Amino acid sequence: IEGIISQDETKINLSGSGAATGTACDEEYGCLGFSCTANSTATATRPRISVSSTGHDFECTAIGNVSKARTFTVSNAGTADLALGYLYLADVDASQFAINNDRCSGRVLTPSASCTFDVVFSPTSEGQKTSKLYIPSNDPKTPIFTLPLTGTDGFIISPTSKSFASAGGTGSVTVTAPSSCSWIALT
């Protein structure tokens, strides 16, 4: 029996005689399990990872503070069990982000099942920060799903204006934040 994996990755056309069960592999689409009789079309089974977002920008978070958590959902959009590895952060600024409430690492998701995890941003220095969160799995087409993360630190200007008295007069100084990513604390 010979088989061809179709463009939609889920159909295998078989020709020949008898019945077939097994795995059909293709360099581009990976391996798909199937079971059917000859001269028919089988729906192949394969896990398919789906993530609720393709990335996230945490925007402004003051240095030393922790951003509001962003929850991500990982789902199995395939027709076979999706085995997830352990989620991890990597890149230049990975230490500026953290994975919390991880309900996905090491799990096996049946078709249509899902799990969640949170990410927070906590800058320790000025500037824009970038990292990538990696989700390894047994999805043959996407063995490692990459989720780009960015965030920008905020800074605190305190006070924004100050009145003072000097010899023979009075005056004031006003400080203006140079960007929209700032917090102002009046003391």
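Quantities reported herein were computed from a predicted structural model and do not represent experimental measurements. Throughout, numbering of the chain's residues begins at 1 and tracks the sequence.
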Specify the closest pair of heavy atoms between Lys132 and Thr146, including all atoms of both residues, with the distance to one decimal. CD-CG2, 3.6 Å
Minimum-distance pair of heavy atoms, taken over all atoms of Pro111 and Gly78: CB-O, 3.4 Å
What I want to check is whether the side chains of Asp81 and Thr110 have a donor and an acceptor closer together than 3.5 Å. no
Can you tell me which residue among Asn100, Thr116, Asp118 is in a side-chain hydrogen bond (donor to acceptor under 3.5 Å, both in side chains) with Thr71? Asp118
Can you give me the closest heavy-atom contact between Ser125 and Asp153, atom names plus distance? O-CB, 3.6 Å
Which residue pairs pass the disulfide bond (SG atoms under 2.5 Å apart) test with at least one member in residues 101-141, sequence neighbours excluded? Cys104-Cys115
Backbone of Lys68 reached by a side-chain donor or acceptor of Arg70 within 3.5 Å: no
Under a 3.5 Å distance rule, please check whether Ser52 uses its side chain to pair with a backbone N or O of Thr73 as donor and acceptor. yes
Other cluster members, Val74 - Ile/Leu/Val/Met/Phe/Trp/Tyr, side-chain contacts below 4.5 Å: Ile49, Val51, Phe58, Phe72, Leu82, Leu84, Leu87, Leu89, Phe97, Ile99, Leu109, Phe117, Val119, Phe121, Leu133, Ile135, Phe145, Leu147, Leu149
Asp93: what forms a salt bridge (charged side-chain N to carboxylate O under 4.0 Å, His left out) with it, not counting sequence neighbours? none
Closest non-hydrogen atom pair between Ser131 and Ala90, with its separation: OG-O, 3.4 Å
Among all residues two or more places apart in sequence or in another chain, which pass the side chain to side chain donor-acceptor pair (under 3.5 Å) test with Thr124? Gln96
Closer than 3.5 angstrom, by distance alone: can the side chain of Thr61 be matched with the main-chain N or O of Ser122 as a donor-acceptor pair? no
Can a salt bridge be assigned to the pair Asp139 and Arg48 using a cut-off of 4.0 Å between side-chain N and carboxylate O? no
Ile144: which other cluster members, linking ILVMFWY side chains closer than 4.5 Å, directly or transitively? Tyr88, Tyr134
Lys129 and Thr150: side-chain contact (heavy atoms from CB on, under 4.5 Å), yes or no, with the steps? CA-CA 5 Å; Lys129 310 299 181 202; Thr150 58; over 6 Å; no
Co-members of Val66 in a cluster of I, L, V, M, F, W and Y side chains, linked at under 4.5 Å: Val120
Looking at every non-hydrogen atom in both residues, tell me the closest pair between Ala77 and Ser50 and how far apart they are. CB-CB, 4.2 Å
